[in-house]
Structures are given as C-alpha cells and as structure tokens.
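To keep things clear, I will list the structure first and then write my remarks on it.
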Amino acid sequence: MLQVNFIKQNKERILKGLATRNYKEDSSKLIDSIIEWDDARKETQTALDELLAKNKLFSKEIGGLFKQGKQEDANSLKQQVDANKVKIKALEDDMRDIKDKLDNGLLQIPNVPHDSVPAGNTDEDNEVYKEWTGALPNLGEKALPHWELAKKYNLIDFELGVKITGSGFPLFRGQGARLQRGLINFFLDEASKAGYEEIVPPLLVNEASARATGQLPDKEGQMYYVEKDDLYLIPTAEVPVTNVYRNVIVKEADFPIKLTGYTPCFRREAGSYGKDTKGLNRVHQFDKVEIVQIVHPEKSYEVLETMLDHVANLLTKLELPYRILRLCGGDLGFTSALTFDFETYSAGQGRWLEVSSVSNFENFQSNRLKVRYKDANNKTQLAHTLNGSALALARIIATLLENHQTPDGIRIPKALQHYVGFDIIN
RNA sequence: GGAGGAGUGGCAGAGCGGUUGAAUGCACUAGUCUUGAAAACUAGCAUAGUGAAAGCUAUCGGGGGUUCGAAUCCCUCCUCCUCCGCCA
C-alpha cells in the first residue's frame with residue numbers, strides 16, 4: 001500500500017500511473033477523499049491528544065489532593081475529568097471511523113507503475129523486452145503436446161489426480177516424479193549458489209501474513225481457506241518467505257537480504273475454468289522455487305536485473321527457448337511497480353507459456369509488511385522488496401517434455417541429468 | 001483435547017493501582033583515557049502519530065472493561081512452558 005504522504009505529494013504522478021494501469025474506478029475522487037480523511041485524522045488526533053493530556057494532568061493532581069486529604073477539591077476535579085471522558089469517547093469513535101475509511105481507501109490504490117511500464121489493457125499489450133534470437137525448435141508434424149507425452153511415457157496421470165482430489169491436481173509418477181524432484185533440487189541449488197538463503201516455510205499462513213504481502217484483500221477468492229483454523233493455503237512461497245521480515249527493522253549493512261524457498265503452491269483459479277486448462281497449463285497445485293530479496297531502495301532496480309539474469313540462466317541450462325516480456329499497466333499485479341514475465345516456447349503446442357514472473361514492489365509491499373531499516377541519519381525508512389519465480393515447475397515440465405522430445409524418447413538436458421539420475425525418458 | 005504456570009525494551013530481568021516509557025545488568029553507538037586495543041569512566045540507545053521545534057499522545061502479547069488514575073485489578077483471545085491424553 002502507498003504511504004499517505006506519498007499520495008499527498010505525488011497526486012498527479014499517481015493518477016498518471018493509474019491511467020497506465022487502465023484503472024477503472026474514479027481514482028481522482030478516491031485520492032481526494034484519502035487526503036481529506038488523513039487531514040481529518042490528524043485534526044481529530046490533535047483534539048483527542050489535548051483532552052487526554054488534560055485528563056492525565058488532572059489525575060495527577062487528584063492523586064496529590066487525596067494525599068493531602070482535600071477530598072472536596074479532588075471530587076470537583078473528578079467531575080471535570082468525567083466531562084472530558086465523554087468527549088474523548090466521541091473523538092475515539094470518530095477516529096476509528098476515519099481510520100477505517102482511510103485504510104479501506106488506501107487498500108484500493110494499486111502500486112504506481114514504473115515509468116518504463118507501457119500503457120495497455122491485456123496481455124496482448126505486453127512489450128517484448130527480450131526476444132528469443134535463436135531458432136525455435138521445429139519438430140514437424142509428429143510433435144506431441146506434453147499431456148500426450150506424459151501419457152505415452154507414464155509420467156503424469158491426470159485422471160488419477162481427478163479421482164483422488166479433482167481436476168487440476170495432477171499426479172506425477174515414475175520418471176515424471178523423478179523429474180519433478182530433480183528440477184526442485186536443481187533450482188534450489190542454483191539459488192543457493194547465487195547467495196540466497198534456503199527457507200522451508202509453513203504452507204499455511206494466517207491472515208496477517210496474507211494481508212502483509214498483499215494477497216488479502218486483493219486475491220481473497222484465489223486462495224484455499226481452512227475455515228476451522230482461519231488459515232490460508234499459500235498461493236506462492238512469496239507469502240511465508242517475505243513474511244519472515246514482517247515488522248522487522250533490519251540493519252542497512254544486512255542488505256541485500258536474499259531468501260529462496262521451495263513450496264507447493266495452491267490456487268483456486270476461480271473464474272478461469274476452461275481457459276488454458278489442458279494438461280499442466282493451469283493447475284490448482286504446482287511446485288515452485290521462489291527467490292525473494294529485501295534491499296536498499298536505491299538498489300532495487302539494479303537487483304531486479306540480477307534476478308532476471310538468474311532466471312535466464314536457469315532456462316539456458318535447461319536448454320529452453322525463452323523470451324522476456326515487460327508487463328503493461330493493465331496486466332501488472334496490484335502490488336507491483338514493474339514486472340517481467342518469462343515465457344518458454346512450448347513446441348508441442350506452438351505457443352509461449354509463462355514460467356516466471358519477476359517483480360519489483362518498491363516500498364508498496366514493505367509498507368504493509370513494515371520491513372524497515374535505519375538510514376545514515378538514524379531515520380527509519382521502508383526497504384524495497386522484490387521476488388521472482390525461479391522457477392515454476394508445472395509449466396517447465398510441460399515445455400521440457402515438448403521441446404526435448406525425440407523419436408527415441410525425451411532427452412534430459414545435461415545440467416539436469418545428475419539431478420534426475422537418467423539422460424532420457426523412454 | 002484436559003490441568004497448571006507464564007508473556008515487560010535487542011537480550012536478561014525488576015516493578016504488581018498514583019508523577020514509570022518503565023529500575024538494573026548485558027549488548028550496541030559515540031566520547032574520555034591509551035602508541036593501539038582491552039579495562040575503566042561519561043553520554044546516548046524502543047516504535048508510531050502530531051508538530052518547524054520544544055513538546056504532547058499512544059503502546060509493558062492482542063482486544064475489551066473497572067478506576068480520577070492501570071505494566072499493575074477484571075473479562076476475553078493469542079502465544080509459550082510443564083504435566084496428562086492422542087498421534088505422523
């Protein structure tokens with residue numbers, strides 16, 4: 001969430017940013033309201049503080065008077081305190097009301113897109129940031145999509161997933177399961193080599209955590225919710241891993257903080273039934289290795305580049321053709337200032353599939369998380385947070401199977417052979 | 001799930017209705033001393049709101065209540081510890 005002071009000082013910039021996002025609400029009005037509410041908040045607070053200070057003083061006097069045995073004086077003071085208490089109660093009610101409005105208003109304003117974010121509505125308006133310059137695999141007429149390959153080599157059983165749970169919960173078996181496990185280890189090792197600390201977090205989180213990283217209230221319907229215990233199944237490791245630093249004031253010298261974590265991810269994908277749901281293209285449960293960084297505000301865009309390089313390097317080692325998109329305003333996540341998506345070419349389907357999303361949230365997320373540091377003047381400042389998938393498994397398996405299919409079987413890229421324990425699936 | 005105990009600043013730990021945002025120790029930061037370091041000594045050292053600042057206000061696990069006044073009393077929730085039960 002944006003800071004109120006930032007909103008006050010940058011109204012035009014925010015409106016321009018919201019336009020880039022193609023934001024539908026009457027944002028100008030909302031921003032004016034927020035500014036009004038905040039002014040009202042300050043005014044009420046000042047009035048309230050004055051009364052509280054008065055009563056505090058009176059109470060001290062009353063204490064003194066009692067000690068001196070001046071009961072009557074004390075009692076008359078008490079009446080004044082009581083009168084003030086009525087006013088205080090009213091102001092406190094006002095305050096709660098104003099704060100609610102202010103908080104709700106702030107929650108409705110998405111992050112301001114970075115200047116480089118192109119205006120646009122849908123994923124068709126995303127800008128190709130880095131094109132694939134090599135040749136795309138041409139497997140001819142015999143190229144199979146991954147769901148057929150999965151069946152042919154008995155790697156993934158979608159029907160069993162349906163039997164056990166429901167659609168969108170694939171079951172991996174045999175070499176398919178091995179491939180899955182190998183990829184996870186490969187991604188984690190690469191992240192460790194790049195200096196990320198490995199975390200094994202809880203897979204269910206409480207409301208405070210989901211709120212802090214911005215899943216709530218924005219994506220409430222997308223998360224599985226365990227009502228009995230009031231917990232959410234994580235839609236990404238970003239939630240528990242970033243929350244490690246919720247409400248923490250870090251030392252400036254500790255930057256950059258780099259964390260990685262492998263977790264299954266659970267997504268209800270409500271509203272997207274029937275769209276791209278074939279095979280592994282869109283599932284309710286998939287595995288992902290996430291990388292997260294908490295950095296000095298001046299460094300975040302530099303760090304974003306290194307994260308892009310990290311993901312690119314993974315895809316290169318997996319010998320997969322990929323391209324990088326810069327998301328347009330309309331496709332940009334609520335909390336993000338700038339997001340790059342990685343897509344790999346899916347040779348069996350003849351289309352590009354999103355396999356990673358790398359974002360800089362600037363201080364939008366840290367403002368809710370309250371991840372801060374002390375600057376040179378010992379003032380508390382918000383850190384910047386970034387994260388990226390490195391990588392999301394399900395679709396990587398899909399493209400891996402499709403791109404590396406040969407008449408003799410599915411070739412395992414060299415970098416991965418050591419992890420899966422075989423060099424071909426047949 | 002049942003019974004009991006406990007939650008105070010970065011850590012340890014006092015306070016248990018009155019001027020306490022909170023003793024003391026450790027840690028940390030700066031200074032004095034020293035060739036340098038250590039030790040010793042001196043000072044500083046929570047977060048947030050508001051304000052130009054001084055200051056004022058809130059916060060002693062969270063929320064609510066009693067009281068002129070609450071870290072201290074009451075209610076409730078959460079967390080941790082011990083014991084019993086169950087169990088991967």
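Residue numbers begin at 1 in each chain, while the letters A, B, ... track the order of the sequences.
Side chain of A:S356 to backbone of A:S389: a donor-acceptor contact under 3.5 angstrom is found. Judged by distance alone, the side chain of A:S366 and the main-chain N or O of A:L382 form no donor-acceptor pair under 3.5 Å. Between the side chain of A:E402 and the backbone N or O of A:Q349 there is at least one donor-acceptor pair closer than 3.5 Å.
Distances were taken from every side-chain heavy atom of A:K85 (C-beta onward) to each of B:G64, B:G49, B:C68; the shortest belongs to B:C68. When each of B:C56, B:G64, B:G49 is scored by its nearest atom to the side-chain atoms of A:A53, the top-ranked nucleotide is B:C56. Considering only the side chain of A:Q45, B:G49 comes nearest among B:G64, B:C68, B:G49. The nucleotide whose nearest atom lies closest to any side-chain atom of A:S59 is, among B:A48, B:G18, B:G49, B:G18.
Residue whose closest nucleotide on RNA chain B sits further toward the 5' end, between A:I62 and A:M95: A:M95. With the nearest nucleotide of RNA chain B identified for both A:R372 and A:V81, A:R372 has the one nearer the 5' end.
Under the 30°/60° scheme for interplanar angles, the aromatic rings of A:Y224 and A:F266 are found to stand perpendicular. Ring orientation note: the planes of A:F340 and A:Y129 are tilted relative to one another, at an angle of 30° to 60°.
In this entry the distance linking CZ of A:F66 with C1' of B:U67 reads 11 Å, nearest Å. In this entry the distance linking CG of A:L65 with C1' of B:U19 reads 14 Å, nearest Å. Atom CG of A:L57 is separated from atom P of B:G55 by 16 Å (rounded to the nearest Å). B:G69 atom P lies 14 Å from atom CD of A:E61, rounded to whole Å. In this structure, the CD atom of A:Q3 is 11 Å from the P atom of B:A48, given to the nearest Å. Put simply, CG on A:L91 is 15 Å from C1' on B:A58, counting in whole angstrom units. Taking atom CZ of A:R96 as the reference point, atom P of B:G64 lies 6 Å away to the nearest angstrom. A:D49 places its CG atom 13 Å from the P atom of B:G49, with the value rounded to the nearest Å.
For B:U82, the paired base is B:A3 (Watson-Crick or G-U wobble, both distances below 3.5 Å). In this entry B:C56 has B:G49 as its Watson-Crick or G-U wobble partner, both defining distances falling under 3.5 Å. If you check B:A14 for Watson-Crick or wobble pairing at under 3.5 angstrom, you find it has no partner at all. When Watson-Crick and G-U wobble pairs are counted only if both distances are under 3.5 Å, B:C73 pairs with B:G65. When Watson-Crick and G-U wobble pairs are counted only if both distances are under 3.5 Å, B:U34 pairs with no nucleotide at all. Pairing partner, B:U29: B:A43, with both Watson-Crick or wobble hydrogen-bond distances short of 3.5 Å. Under the Watson-Crick or G-U wobble criterion, with both distances below 3.5 Å, B:C87 has no partner in any strand shown.
Using atom C1' as the reference point in both B:C28 and B:G9, the two lie 13 Å apart (nearest Å). Comparing the same atom, C1', in B:U34 and in B:A71 gives a spacing of 44 Å after rounding to whole Å. Nucleotides B:U24 and B:C74 are separated by 31 Å at their C1' atoms, to the nearest Å. Using atom P as the reference point in both B:C45 and B:A30, the two lie 15 Å apart (nearest Å). Rounded to a whole angstrom, the distance from the P atom of B:A54 to that of B:C41 is 31 Å. Look at the P atom in both B:G1 and B:C77: the space between them is 13 Å, to the nearest Å. Of the P atoms belonging to B:G13 and B:G25, the separation is 16 Å, rounded to the nearest Å. Taking atom C1' on both B:C16 and B:C60, the two are 12 Å apart, rounded to the nearest angstrom.
Dense packing is recorded around CD of A:Q68, with more than 12 heavy atoms of other residues, nucleotides or ligands lying under 6.0 Å away.
At a cut-off of 3.5 Å, with distance as the only test, a side-chain donor of A:N367 or A:K370 sits close to an acceptor on the other residue.
For a distance-only test at 3.5 Å, the side chain of A:N55 fails to qualify as a donor-acceptor partner of the base of B:G69.
A:I249 comes within 4.0 angstrom of sugar-phosphate atoms only, judged by non-hydrogen atoms across all strands, and of no base. Within the nucleic acid shown, A:L52 comes within 4.0 Å of sugar-phosphate atoms alone, with no base atom in reach, counting heavy atoms only. Among the protein residues, A:N75 comes within range of no part of the nucleic acid, since none of its heavy atoms lies under 4.0 Å from any strand.
A salt bridge between A:R96 and A:D93 is present, with a side-chain N of the basic residue lying under 4.0 Å from a carboxylate O of the acidic one.
Proximity of A:T380 to the phosphate of B:A48: a side-chain N or O atom is located under 4.0 Å from OP1 or OP2. For B:U57, the OP1/OP2 oxygens have no side-chain nitrogen or oxygen of A:K54 closer than 4.0 Å. Note on A:K78: a side-chain N or O is less than 4.0 Å away from OP1 or OP2 of B:C68.
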